[in-house]
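Have a look at the structure below, then the notes.
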Protein chains: 2
Amino acid sequence: MNDYEIEFKNYLKERGLKFTPERALILKAVFSLHKHFDIDQLWEKLHKKDNRLSRATIYRTLPLLLDCNLIQETLRCQGRVRYEHIFGHQHHDHMVCLKCGKVTEFREEKIEKLQEEVCKRYNFKSVEHRLGIRGYCQKCQKKLR
Amino acid sequence: MNDYEIEFKNYLKERGLKFTPERALILKAVFSLHKHFDIDQLWEKLHKKDNRLSRATIYRTLPLLLDCNLIQETLRCQGRVRYEHIFGHQHHDHMVCLKCGKVTEFREEKIEKLQEEVCKRYNFKSVEHRLGIRGYCQKCQKKLR
DNA sequence: TCGTAATTGAGATACAGTCTCAATTATACC
DNA sequence: GGTATAATTGAGACTGTATCTCAATTACGA
Ligand SMILES: [Mn+2]
Ligand SMILES: [Mn+2]
Ligand SMILES: [Zn+2]
Ligand SMILES: [Zn+2]
């Protein structure tokens, strides 16, 4: 059994919730998608395997996965919420190309540290943060010229 | 005439668009709100002065104000897009309290610099960035204890 | 195996945001 | 000032994402 499955089962058990086949399928799909995804992309992937699984169940399951830190919201794109699995991955931030939509992940230790300093300065207890840089990727800059 | 009004008029003129009384009202309201606001708060404020002004006109005007950098989107709150006027103000980032919703603005020069470095490293041409830290403000931390 | 509370799918509903269209109006030009 | 014309407006219809309802089903502890 995968680590993320153990994690999710514990989370559910502690709260008296059930580990259903539907939730198992969704969990598996979430960790087999290795890019950022939105609900429709997830539904399409799941629909192929079990065409009874309803959108409502996906909408009901994602908040659970968020709450136990298996996934997180990333930048919104055209009004849609996008997600990525984070369990087993290091925290990182994002750059998004305004032309082609390409997402680049980066981690800058110094920025992480400075954020902690800022929080200390304001007596703010940080839970999470999100840094998104919008602009143009290398390829799209060339095309614009 | 205010600087922001000159700015907006120039923007409109360059594009063959009109400076209408409705747009003037919206612009004025946007710069008289000194906190982050959403469309409904803006509509309420405007409705008092001119109850004919329609929501559609507000929805049509805000993208113009965004495009000429008079305002910017800030963090979303409960599914609603929130805005703040930025013309004449220095760029800053935000901390949001998950309990009381309090927004604290901060500017950390070193973080701004480091972001530029990261962009250079990836040959990414930055247009704008948004850093949001979610957590608990000083008051709400005390209440939780 | 049983009892029960959680969960499900399907469709209804909510609601922010966009679009349509006929009537109105700002502005460039004379 | 007057006129032509393309932009703009309000009202309400419409879209699409996300949530809710409810009867039927099911996971799981005892
Ligand atoms: Mn990522
Ligand atoms: Mn601000
Ligand atoms: Zn690109
Ligand atoms: Zn607070």
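Chain naming here is simple, since letters A, B, ... match the order of the sequence lines and numbering starts at 1 in each. Quick caveat, the model's predicted, so the values are computed rather than measured.
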- [ ] Grab the CD1-P distance between B:Ile26 and D:dT9 for me, whole Å please.
- [x] 7 Å

Task: Geometric class of the A:Phe106/B:Tyr122 ring pair [parallel <30°, tilted 30-60°, perpendicular >60°] - done: tilted

- [ ] Specify the separation, in whole Å, of atom CZ of B:Phe19 and atom C1' of D:dT8.
- [x] 14 Å

Task: Touch class at under 4.0 angstrom, heavy-atom based, for A:Arg52 against every strand present - done: sugar-phosphate

TODO: Look at B:Arg23 and D:dT9 and indicate whether a side-chain polar atom (N or O) is within less than 4.0 Å of OP1 or OP2.
DONE: yes

Task: Side chain B:Arg15 and base C:dT27 donor-acceptor under 3.5 Å - done: no

Task: Atom-to-atom span, OH of A:Tyr83 to P of D:dT17 - whole angstrom - done: 13 Å

Open item on the list: Let me spell it out: for each of B:Pro63 and B:Leu17, pick the nucleotide of DNA chain C with the closest heavy atom. Which residue's pick is nearer the 5' end?
Closed with: B:Pro63

- [ ] Return the value, rounded to whole Å, for the distance between atom OH of B:Tyr59 and atom C1' of D:dT9.
- [x] 17 Å

Open item on the list: Whether B:Thr20 contacts C:dT25 is assessed here as follows: a side-chain N or O lying under 4.0 Å from the phosphate OP1 or OP2. Is that the case?
Closed with: no

Open item on the list: Nearest to the B:Lys18 side chain among C:dT8, D:dC28, D:dA6, which nucleotide is it?
Closed with: D:dA6

TODO: Provide, to the nearest angstrom, the distance between the CD atom belonging to A:Glu22 and the P atom belonging to D:dT26.
DONE: 9 Å

Open item on the list: Determine whether A:Leu131 and B:His129 satisfy the following criterion, side-chain contact (heavy atoms from CB on, under 4.5 Å), listing intermediate values before the conclusion.
Closed with: CA-CA 7 Å; A:Leu131 169 59; B:His129 73 265; 4.2 Å; yes

Task: Charged N-O contact under 4.0 Å between A:Lys110 and A:Glu112 - done: no

Open item on the list: Which label fits A:His89 and A:His85: parallel for a plane angle under 30°, tilted from 30 to 60°, or perpendicular past 60°?
Closed with: tilted

- [ ] Report the distance from atom CG of B:Leu62 to atom P of D:dT9, rounded to the nearest whole Å.
- [x] 12 Å

Task: Distance below 4.0 Å between B:Arg80 side-chain N/O and C:dA16 OP1 or OP2 - done: yes

- [ ] Have a look at A:His36 and tell me which of A:Glu73, A:Arg82, A:Glu84 forms a side chain to side chain donor-acceptor pair (under 3.5 Å) with it.
- [x] A:Glu84

- [ ] Rounded off to whole Å, could you give me the CG-to-P distance for the B:Asp38 and C:dA16 pair?
- [x] 9 Å

Task: Atom-to-atom span, CG of B:Asp50 to C1' of C:dT24 - whole angstrom - done: 15 Å

Task: Upstream residue (5' side of DNA chain C) when B:Lys13 and A:Leu64 are each assigned their closest nucleotide - done: A:Leu64

TODO: Starting from the 5' end of DNA chain D, give me the residue, B:Gly16 or B:Arg60, whose nearest nucleotide shows up first.
DONE: B:Gly16

